[in-house]
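Structure first, commentary second.
Residue numbers run from 1 in the order of the sequence given. In this text, all values refer to a predicted model and were calculated from it rather than measured experimentally.
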Amino acid sequence: MAIDIDTVKRVANLARIHVTDEELEPLSMELSSILEFMQQLNAVDVSDVEPLTSVTPMNLNLRDDIVTDGKKPHQILMNSAKHKEGFFAVPKMIE
């Protein structure tokens with residue numbers, strides 16, 4: 001699957017990446033080669049392969065999830081620009 005220069009411009013615009021005109025052609029070829037490689041990976045039959053969580057067998061060390069105030073809320077709030085009633089105060093953001 002070949003990616004044309006217009007598609008590269010569109011993707012660069014969406015990603016907010018500045019791409020010069022000289023970079024368009026090589027980037028187009030590079031992205032096309034990446035998609036060709038992905039098509040090769042899609043052709044591999046992995047239906048009998050179990051999902052892998054780690055390359056080495058290991059047990060996860062789990063801890064109890066306990067909610068605390070950190071035992072020093074006043075020291076934590078000292079780092080904030082504004083705080084009110086024990087919480088960080090931030091400006092309202094509405095779009």
Side-chain angles (χ1 to χ4, degrees):
M1 175 180 189
I3 295 182
D4 60 353
I5 291 177
D6 291 332
T7 305
V8 174
K9 286 180 183 178
R10 179 170 162 73
V11 170
N13 183 37
L14 291 172
R16 308 259 194 274
I17 299 172
H18 175 71
V19 179
T20 64
D21 290 337
E22 296 82 31
E23 295 172 321
L24 288 174
E25 184 65 30
L27 191 56
S28 171
M29 293 172 25
E30 191 172 334
L31 290 173
S32 295
S33 67
I34 291 170
L35 285 180
E36 288 173 13
F37 181 71
M38 293 301 294
Q39 287 178 344
Q40 289 178 7
L41 291 177
N42 285 335
V44 176
D45 180 23
V46 292
S47 59
D48 294 332
V49 179
E50 288 187 37
L52 186 66
T53 57
S54 175
V55 293
T56 58
M58 61 179 9
N59 293 327
L60 295 176
N61 296 327
L62 301 177
R63 63 174 172 79
D64 293 332
D65 190 13
I66 301 171
V67 178
T68 66
D69 64 356
K71 297 184 179 143
K72 44 184 155 184
H74 298 295
Q75 291 174 339
I76 294 170
L77 288 173
M78 283 179 17
N79 293 324
S80 69
K82 291 183 181 179
H83 53 87
K84 185 176 182 180
E85 298 177 11
F87 296 97
F88 292 102
V90 297
K92 186 192 292 188
M93 302 298 280
I94 298 177
E95 288 188 45

Distance-minimising heavy-atom pair for [X] and [Y]:
{"X": "S28", "Y": "I5", "value": "OG-N, 4.4 Å"}
{"X": "H83", "Y": "L77", "value": "CD2-O, 3.4 Å"}
{"X": "E23", "Y": "H18", "value": "OE1-O, 4.1 Å"}

Roughly how far, to the nearest 0.5 Å, is [atom2] of [Y] from [atom1] of [X]?
{"X": "D21", "Y": "K9", "atom1": "CG", "atom2": "NZ", "result": "6.0 Å"}
{"X": "T7", "Y": "L27", "atom1": "OG1", "atom2": "CG", "result": "11.5 Å"}
{"X": "D4", "Y": "L24", "atom1": "CG", "atom2": "CG", "result": "10.5 Å"}
{"X": "S33", "Y": "E30", "atom1": "OG", "atom2": "CD", "result": "6.0 Å"}

Using the rule given for side chain to side chain contact (heavy atoms under 4.5 Å, CB included), can you reason through R10 versus L14, listing the C-alpha separation, both sets of side-chain angles and the distance that settles it, and then say yes or no? CA-CA 6 Å; R10 179 170 162 73; L14 291 172; 4.2 Å; yes
Main-chain N/O of S47 paired with D45 side-chain donor or acceptor, under 3.5 Å: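 Looks like yes, one N/O pair under 3.5 Å.
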In terms of hydrophobic clustering (I, L, V, M, F, W, Y; side-chain heavy atoms under 4.5 Å; direct or indirect links), are I3 and M29 co-clustered? no
What about L35 and V44, same hydrophobic cluster or not, with Ile/Leu/Val/Met/Phe/Trp/Tyr joined at side-chain heavy-atom distances under 4.5 Å? no
Side chain to side chain contact (heavy atoms under 4.5 Å, CB included) between M38 and L41, intermediate numbers included: CA-CA 5 Å; M38 293 301 294; L41 291 177; 4.1 Å; yes
Check this for me: F88, atom CZ, are more than 12 non-hydrogen atoms of other residues, nucleotides or ligands nearer than 6.0 Å? yes
